[in-house]
Amino acid sequence: MVAPPVSFSTGPFNPLDHVEPADLIRFGLIPEFVGRLPVVTAVGALDRDALVRVLVEPRNALVRQYEALLALGGAQLRITRPALHVIAQQAIDKQTGARGLRRIMENLLLEPMYDCPGTSVRHIVVDSEVAAFKKRPLYFSRVQESDVEAAVWSDEHRADDSAAPPPPGPDRATPPAAAEPQRTAATSA
């Protein structure tokens with residue numbers, strides 16, 4: 001008697017979670033091939049939070065790779081948390097999963113990778129609207145660091161449109177102005 005496989009899935013029933021080697025043979029695979037498969041398993045699609053983790057957590061995460069690549073040209077890349085969620089949602093919508101994240105990031109950062117080296121651009125901000133391809137990435141020079149923080153802060157708190165900036169306290173620094181950053185010749189139009 002065979003015990004049913006242990007399933008840690010909390011989602012809907014997936015019959016592929018219960019596939020045995022005999023099922024693969026009945027499906028039409030030759031026994032010699034099935035015998036070389038040490039483990040038979042099914043994988044499910046990643047949700048948005050898992051895709052965001054793929055973007056930022058591994059040692060060689062995509063965000064870290066692009067930060068290092070742009071740092072070679074002297075620019076610092078800042079991607080907001082809402083932008084990461086938009087990128088992950090695009091991968092889900094296109095049904096490309098984690099492998100599609102690289103293509104999305106490449107399309108998103110192609111212009112800055114060519115525009116920024118050799119210019120006065122020192123900061124590149126990707127917010128949720130940039131990630132949704134509604135506008136171009138925001139470029140800032142070295143002297144506009146407060147504008148960088150303001151752009152990041154405003155995107156992080158955009159969901160709370162009615163919420164005012166938190167009051168400064170002993171454990172909290174004064175938040176940057178949530179106004180749209182001023183553009184200079186070094187920034188995108």
Side-chain angles (χ1 to χ4, degrees), residues 46 48-168 172-189:
L46 297 174
R48 188 172 68 176
D49 292 332
L51 288 171
V52 169
R53 291 181 59 204
V54 167
L55 282 169
V56 296
E57 286 186 13
R59 185 172 32 98
N60 61 343
L62 284 174
V63 171
R64 291 183 189 165
Q65 290 178 24
Y66 283 104
E67 286 173 347
L69 182 65
L70 289 165
L72 292 174
Q76 178 187 14
L77 175 65
R78 298 281 303 266
I79 301 178
T80 64
R81 178 64 59 175
L84 292 172
H85 286 280
V86 170
I87 293 167
Q89 189 60 47
Q90 288 175 8
I92 291 170
D93 293 344
K94 295 177 182 178
Q95 298 179 349
T96 56
R99 295 208 178 255
L101 291 173
R102 178 170 293 280
R103 184 186 58 78
I104 294 168
M105 291 289 289
E106 183 77 25
N107 288 341
L108 187 63
L109 296 172
L110 185 65
E111 184 179 323
M113 287 190 294
Y114 286 103
D115 288 348
C116 294
T119 65
S120 64
V121 173
R122 294 295 172 252
H123 300 280
I124 303 164
V125 175
V126 175
D127 62 11
S128 56
E129 290 182 0
V130 173
F133 297 98
K134 293 180 180 177
K135 66 179 185 181
R136 296 174 56 193
L138 302 173
Y139 299 144
F140 298 94
S141 66
R142 183 173 44 93
V143 296
Q144 294 178 300
E145 290 184 19
S146 62
D147 292 338
V148 172
E149 295 304 319
V152 170
W153 190 88
S154 67
D155 192 51
E156 295 281 342
H157 296 85
R158 188 168 295 169
D160 306 329
D161 284 0
S162 62
R172 197 178 309 159
T174 304
E180 185 69 25
Q182 294 180 350
R183 299 182 185 275
T184 64
T187 61
S188 66

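Everything numeric here is computed off the predicted structure, so don't read it as measured data.
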Just how far is it from atom CZ of F140 to atom CG of D147, taken to the nearest 0.5 Å?
6.0 Å
Donor-acceptor check, side chain of T80 to backbone of A83, threshold 3.5 angstrom: yes or no?
yes
Side chain to side chain contact (heavy atoms under 4.5 Å, CB included) between Q76 and L70: does it pass, once the steps are laid out?
CA-CA 7 Å; Q76 178 187 14; L70 289 165; over 6 Å; no
Taking C-beta and beyond as the side chain, do M105 and I79 meet within less than 4.5 Å on heavy atoms?
yes
Qualifying residues under side-chain hydrogen bond (donor to acceptor under 3.5 Å, both in side chains), relative to R53, sequence neighbours excluded
E57
Nearest 0.5 Å, please: how far is OG in S128 from CD in E156?
9.5 Å
Judged by atom type as modelled, is there a donor-acceptor pair below 3.5 Å linking the side chain of Q65 to the main-chain atoms of N60?
yes
Between I104 and F133 the two heavy atoms that sit nearest each other are O-CZ, 4.3 Å
Show the numbers, then the answer: is there a salt bridge (Lys or Arg N to Asp or Glu O under 4.0 Å) between K135 and D127?
CA-CA 9 Å; K135 66 179 185 181; D127 62 11; 3.2 Å; yes
For H123 versus S141, what's the shortest heavy-atom pair and its separation?
CD2-O, 3.6 Å
Distance from E67 atom CD to L72 atom CG, nearest 0.5 Å?
12.5 Å
Counting only heavy atoms not in R103, do more than 12 fall under 6.0 Å of its CZ?
yes
Would you name the heavy atoms of L101 and L51 that are closest together and state the gap between them?
CD1-O, 3.8 Å
Calculate, to the nearest 0.5 Å, the distance between atoms CG and CD belonging to L62 and E106 respectively.
10.0 Å
Donor-acceptor pair, E129 side chain versus P137 backbone, under 3.5 Å?
no
Please check this pair: side chain of R64 against backbone of P58, looking for a donor-acceptor N/O pair closer than 3.5 Å.
yes
For side chain to side chain contact (heavy atoms under 4.5 Å, CB included), just list the numbers for L108 and L110, CA-CA rounded to whole Å, side-chain angles, deciding distance to a tenth of an Å, and then say yes or no.
CA-CA 6 Å; L108 187 63; L110 185 65; over 6 Å; no
d(Y139 OH, I124 CD1) to nearest 0.5 Å is 6.0 Å
Salt bridge check: are R136 and E111 linked by an N-O gap of less than 4.0 Å?
yes
What I want to check is whether the side chains of Q144 and R122 have a donor and an acceptor closer together than 3.5 Å.
no
Residues D155, R81: salt bridge by 4.0 Å N-O rule:
no
Rounded to the nearest 0.5 Å, how far does CG of L69 lie from CG of L109?
9.0 Å
Quick one: closest heavy-atom pair of V126 and V130, and the distance?
CG1-CG1, 3.9 Å
